Protein chains: 2
Amino acid sequence: MTARTNSPRESIFRDLIVGLYEGRYAPGQRLTEAQLASTYNASRGPVREALNRLEAAGVVDLTLQRGACIRKLSLKESLDSLIIAEGLVSIAARFAAQNVEKDGARERMTAALDDVVGRDPSDAPNDPNLARARDSFYGTLTALSENSQLGRAMPSVQIHLLRVQFAKIIREADLWRHEDYRKIAEAVISGDGDAAEAAVHAHFSRVIKLFTDQLAEQGADGVVA
Amino acid sequence: MTARTNSPRESIFRDLIVGLYEGRYAPGQRLTEAQLASTYNASRGPVREALNRLEAAGVVDLTLQRGACIRKLSLKESLDSLIIAEGLVSIAARFAAQNVEKDGARERMTAALDDVVGRDPSDAPNDPNLARARDSFYGTLTALSENSQLGRAMPSVQIHLLRVQFAKIIREADLWRHEDYRKIAEAVISGDGDAAEAAVHAHFSRVIKLFTDQLAEQGADGVVA
DNA sequence: GCTTTCATATTGTCCTACATTATTGTACTA
DNA sequence: TAGTACAATAATGTAGGACAATATGAAAGC
């Protein structure tokens with residue numbers, strides 16, 4: 001809608017994120033400018049611009065004179081991101097519920113929910129399609145909230161990164177996925193902002209507790225490099 | 001602390017934000033690469049990289065084939081930013097209160113408060129020093145919260161931008177500045193997370209109400225270009 | 001085994017060049 | 001005079017080459 005996205009800079013920026021969701025790029029992976037330039041048939045200029053934007057988005061770690069690697073979150077950073085995500089998704093859900101009478105809001109919410117729960121709970125937790133469906137669920141919530149700034153603040157990519165890195169920790173909470181998401185969606189669809197917020201809180205609390213516990217345990221064991 | 005910041009890219013990035021706070025750059029202002037390059041004695045490469053990062057931070061609007069200008073927020077975008085800021089500052093305040101026993105936390109909070117309230121309430125609302133003091137107050141809150149991701153998500157620059165643009169609207173709420181900030185700081189210092197959150201909510205509610213009203217009024221009048 | 005030194009690779013920046021595109025001013029027409 | 005077509009100008013987006021500064025890893029020396 002807004003812009004032609006054929007430009008190298010855009011392509012690289014988008015494909016790196018898509019590639020992250022598809023598993024073509026993994027946390028910690030080193031990215032050299034030359035390699036990216038050759039991969040995307042671009043020169044170093046656009047590559048560097050894309051990397052700068054990716055760093056600002058929190059996708060990439062840019063160390064001076066060392067270059068870029070896909071960001072690798074610590075447990076603490078992950079927990080911090082989850083806390084922020086809870087706050088922002090709460091806002092999204094509350095306003096989405098407020099706007100649920102508009103247009104095809106209910107339909108979109110229902111579709112997004114079906115996309116997430118229309119999968120076996122025992123699916124591979126890092127299945128790219130599930131990741132996309134999850135992202136789309138939160139994306140729908142954000143879109144329905146009609147807050148133009150939520151997308152910028154929401155740490156969606158970080159959440160994806162931490163899911164990839166700490167799949168083991170999250171697995172337990174993922175068993176509630178269907179139930180949690182359904183409750184959120186139903187609250188939104190019924191226009192009940194308070195219930196929507198509560199449902200979001202219930203969902204995130206599970207995950208946050210797992211990370212808090214893990215962090216305490218790690219702290220007791222001593223820090224691992 | 002972390003990096004030499006003498007590099008052109010860093011200098012440009014930082015100085016543009018500083019210049020925004022000092023009034024050297026104003027919302028809507030056009031920025032051409034050549035002009036920036038000559039101003040900072042750099043070539044176009046680093047300038048473009050800085051601009052890309054500034055766009056990701058929401059400081060600059062980058063239109064394809066048209067270049068950059070300092071972002072100009074609409075009333076709606078401003079309101080959206082305020083809503084997000086309320087959510088994130090609430091989180092910051094709650095956790096800051098939790099951590100208030102640590103180190104020099106109380107001292108830092110007190111100092112930040114003094115810096116804001118140690119000024120006449122009738123100060124020029126856009127006084128650069130006041131703007132910095134305000135930013136420092138929220139910065140302290142964020143720092144004390146010890147959430148490593150809050151800084152990334154917090155729309156601090158946007159808040160500054162909207163303050164500059166809509167100084168008139170905000171003026172009324174600014175009369176409560178001393179009282180509001182004092183309540184937030186006292187709640188944090190006393191370690192009462194709930195009270196801190198409530199104080200933050202009280203403060204933002206004033207501003208948000210002004211913008212909501214203004215937006216409704218503008219909607220009634222018909223849109224103004 | 002540990003440290004030092006050196007070779008290599010990569011980044012950060014500069015420069016030039018040029019196609020593409022937006023903007024602007026001008027001339028022409030009705 | 002108003003409005004449109006068009007050309008001149010300016011700025012962006014990208015390519016490609018060059019080089020200093022620096023990190024990384026390997027070889028050499030103790």
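All of these numbers come straight from a predicted model, not from anything done at the bench. Convention: sequence-line order gives letters A, B, ...; per-chain numbering from 1.
When the P atom of dA11(D) is taken as reference, atom CZ of R30(B) falls 8 Å away, rounded to whole Å. Between the C1' atom of dA15(D) and the CD atom of E49(A) lies a distance of 12 Å, rounded to the nearest Å. With rounding to whole Å, R48(B) atom CZ is found 17 Å from dG12(C) atom P. When rounded to the nearest whole Å, the span between CG of L64(B) and P of dT23(C) equals 12 Å. E33(B) has its CD atom 11 Å from the P atom of dT14(D), to the nearest Å. dG13(D) atom C1' lies 12 Å from atom CD of E10(A), rounded to whole Å. Nucleotide dG13(D) holds its P atom 9 Å from the CG atom of L51(B), rounded to whole Å. Between R44(A) atom CZ and dA15(D) atom P the separation is 13 Å, expressed in whole Å.
When the side-chain nitrogen and oxygen atoms of T32(B) are compared with OP1 and OP2 of dA10(D), none of them lie within a distance under 4.0 Å. Checking the phosphate oxygens (OP1, OP2) of dT12(D), no side-chain nitrogen or oxygen of R66(B) falls inside 4.0 Å.
Among the protein residues, N52(A) comes within range of no part of the nucleic acid, since none of its heavy atoms lies under 4.0 Å from any strand. Residue contacts for G67(B): at a heavy-atom cut-off of 4.0 Å it reaches the sugar-phosphate backbone alone, with no base atom in range.
A salt bridge (charged side-chain N to carboxylate O under 4.0 Å, His left out) check over residues 139-166 of chain B, counting only residues at least two apart or in different chains, returns the pairs K102(B)-E146(B), R163(B)-D174(B).
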Listing time: all N or O pairs from protein to nucleotides 6-8 of chain D that are below 3.5 Å?
none

Step by step, would you call S156(A) with D135(A) a side chain to side chain contact (heavy atoms under 4.5 Å, CB included)?
CA-CA 7 Å; S156(A) 18; D135(A) 200 49; 3.8 Å; yes
For the pair F95(A) and I83(B), evaluate side chain to side chain contact (heavy atoms under 4.5 Å, CB included) and give the outcome as yes or no after the intermediate values.
CA-CA 11 Å; F95(A) 283 90; I83(B) 289 168; 3.7 Å; yes
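Note: F137(A) and Y181(A) have parallel aromatic rings, judged against thresholds of 30 and 60 degrees for the angle between ring planes. Between F211(B) and F166(B), the ring-plane angle classifies as perpendicular under the 30° and 60° cut-offs.
Remark: the N52(A) side chain and the R48(B) side chain contain no N/O donor-acceptor pair separated by less than 3.5 Å.
Under the 4.0 Å criterion applied to side-chain N and carboxylate O atoms, R24(A) and D15(A) are assigned as salt-bridge partners.
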